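Report on one structure; see the data block that follows.
All of these numbers come straight from a predicted model, not from anything done at the bench. Heavy-atom basis, side chains included; hydrogens, waters and symmetry copies ignored.
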Amino acid sequence: MSAPGTGAPLSASEERTWGMVAHVGVLVAAWFAMGFLCPLVIWLVYRYRSEFVRRHALESLNFQLSLLIYTAVAVVLILITFGLGVLIIIPLVLIGAVAALVVIVMATMAASSGREYRYPLTIRLVR
């Protein structure tokens, strides 16, 4: 019996396409504050069909989970400081949002050209 989600191997073009979707799809899911859903679904569906897609989806998933953790820490810091932390957190969030967008675009371009990409400052929770 084969592993769940297995099927015909993906072509190189399909691998690059799904690798790109794993990164850029988070921008769509982020509108609902669930940026991790897109790479999670892609990882679950294609992890046995393509090692390339599995690595890109996993990298994107770990980056999105890291952003979620960093956001939770920021909220806790704001609450602990009774709102004074917002003076520091808001500029950091704005800088972080721009930086996240830049690295997502870089990861998407890497997947598009068939290269690997590792997000900076990522906690690799899922392997």
Side-chain angles (χ1 to χ4, degrees):
M1 181 165 197
S2 62
T6 59
L10 299 176
S11 70
S13 174
E14 290 173 319
E15 284 185 331
R16 288 191 305 274
T17 298
W18 284 110
M20 288 172 27
V21 171
H23 297 290
V24 80
V26 301
L27 299 176
V28 175
W31 284 101
F32 306 105
M34 296 187 176
F36 66 91
L37 283 181
C38 181
L40 175 63
V41 168
I42 291 171
W43 178 69
L44 289 172
V45 171
Y46 291 106
R47 66 183 165 177
Y48 297 116
R49 291 182 63 192
S50 168
E51 184 62 24
F52 179 81
V53 175
R54 186 194 71 77
R55 287 190 309 268
H56 274 276
L58 205 53
E59 188 67 19
S60 181
L61 175 61
N62 280 320
F63 181 65
Q64 293 304 313
L65 291 174
S66 297
L67 289 179
L68 210 58
I69 291 169
Y70 299 148
T71 301
V73 168
V75 168
V76 168
L77 287 174
I78 289 171
L79 293 174
I80 288 174
T81 61
F82 300 106
L84 291 176
V86 79
L87 297 173
I88 296 170
I89 299 297
I90 293 296
L92 289 177
V93 166
L94 293 175
I95 292 167
V98 170
L101 184 60
V102 168
V103 296
I104 288 169
V105 168
M106 290 172 60
T108 303
M109 290 175 17
S112 171
S113 63
R115 294 180 288 114
E116 297 298 318
Y117 186 83
R118 299 279 285 189
Y119 283 98
L121 304 173
T122 298
I123 304 165
R124 289 177 174 65
L125 300 167
V126 184
R127 293 185 186 259

Hydrophobic cluster membership, with links at side-chain heavy-atom distances under 4.5 Å among I/L/V/M/F/W/Y: are [X] and [Y] in one?
| X | Y | result |
| --- | --- | --- |
| Leu61 | Ile69 | yes |
| Val93 | Val73 | yes |
| Val75 | Leu87 | no |

Query - Beyond-backbone contact of Val45 with Trp18, side-chain heavy atoms, under 4.5 angstrom - result: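 No, too far: nothing below the 4.5 Å cut-off.
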
Quiz item: Do Phe52 and Leu10 touch side chain to side chain, with heavy atoms closer than 4.5 Å?
Solution: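 Answer no - side chains too far apart.
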
query: Would you find a donor on one side and an acceptor on the other, under 3.5 Å apart, between the side chain of Ser66 and the backbone of Ile123?
result: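 Indeed, once roles are kept as given, a pair shorter than 3.5 Å links the two residues.
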
Go through the steps to decide whether Leu27 and Leu101 satisfy the test side chain to side chain contact (heavy atoms under 4.5 Å, CB included), and finish with yes or no.
CA-CA 9 Å; Leu27 299 176; Leu101 184 60; 3.9 Å; yes

What pairs of donor and acceptor atoms, side-chain ones from residues 76-84 against any protein atom, are under 3.5 angstrom apart with sequence neighbours left out?
residue: Thr81; atom: OG1; partner: Leu77; partner atom: O; Å: 2.9
residue: Thr81; atom: OG1; partner: Ile78; partner atom: O; Å: 3.3
residue: Thr81; atom: OG1; partner: Gly85; partner atom: N; Å: 2.7

Glu15, Glu14, Arg16 screened by side chain to side chain donor-acceptor pair (under 3.5 Å) with Ser50, the one that passes: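 Going through the options one by one, the only one that passes is Glu15.
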
Interatomic distance, [X] atom [atom1] to [Y] atom [atom2] [nearest 0.5 angstrom]:
| X | Y | atom1 | atom2 | value |
| --- | --- | --- | --- | --- |
| Leu65 | Tyr70 | CG | OH | 11.0 Å |
| Met20 | Met109 | CE | CE | 11.0 Å |
| Leu44 | Leu40 | CG | CG | 4.5 Å |
| Leu37 | Gln64 | CG | CD | 10.0 Å |

| request: Not counting sequence neighbours, list each pair that qualifies as a salt bridge (Lys or Arg N to Asp or Glu O under 4.0 Å) and has a residue in residues 57-86. | output: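 Checked against salt bridge (Lys or Arg N to Asp or Glu O under 4.0 Å) - neighbours excluded - the pairs reaching residues 57-86 are Glu59-Arg118, Glu59-Arg124.
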
Tell me yes or no: between the side chains of Tyr119 and His23, is some donor less than 3.5 Å from an acceptor?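 Checked: Tyr119/His23 side chains pair up, N/O donor to acceptor below 3.5 Å.
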
Tell me the closest heavy-atom pair linking [X] and [Y], and the distance in Å.
| X | Y | value |
| --- | --- | --- |
| Gly19 | Ala111 | C-CB, 3.5 Å |
| Ala100 | Leu67 | CB-CD1, 4.3 Å |
| Ile89 | Ala74 | CG2-CB, 3.7 Å |
| Ala22 | Pro39 | O-CB, 3.8 Å |

Worksheet item: In this structure, which one of Val26, Ile104, Ile42, Thr108 forms a side-chain contact (heavy atoms from CB on, under 4.5 Å) with Ser60?
Response: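 Only match with Ser60 under side-chain contact (heavy atoms from CB on, under 4.5 Å): Val26.
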
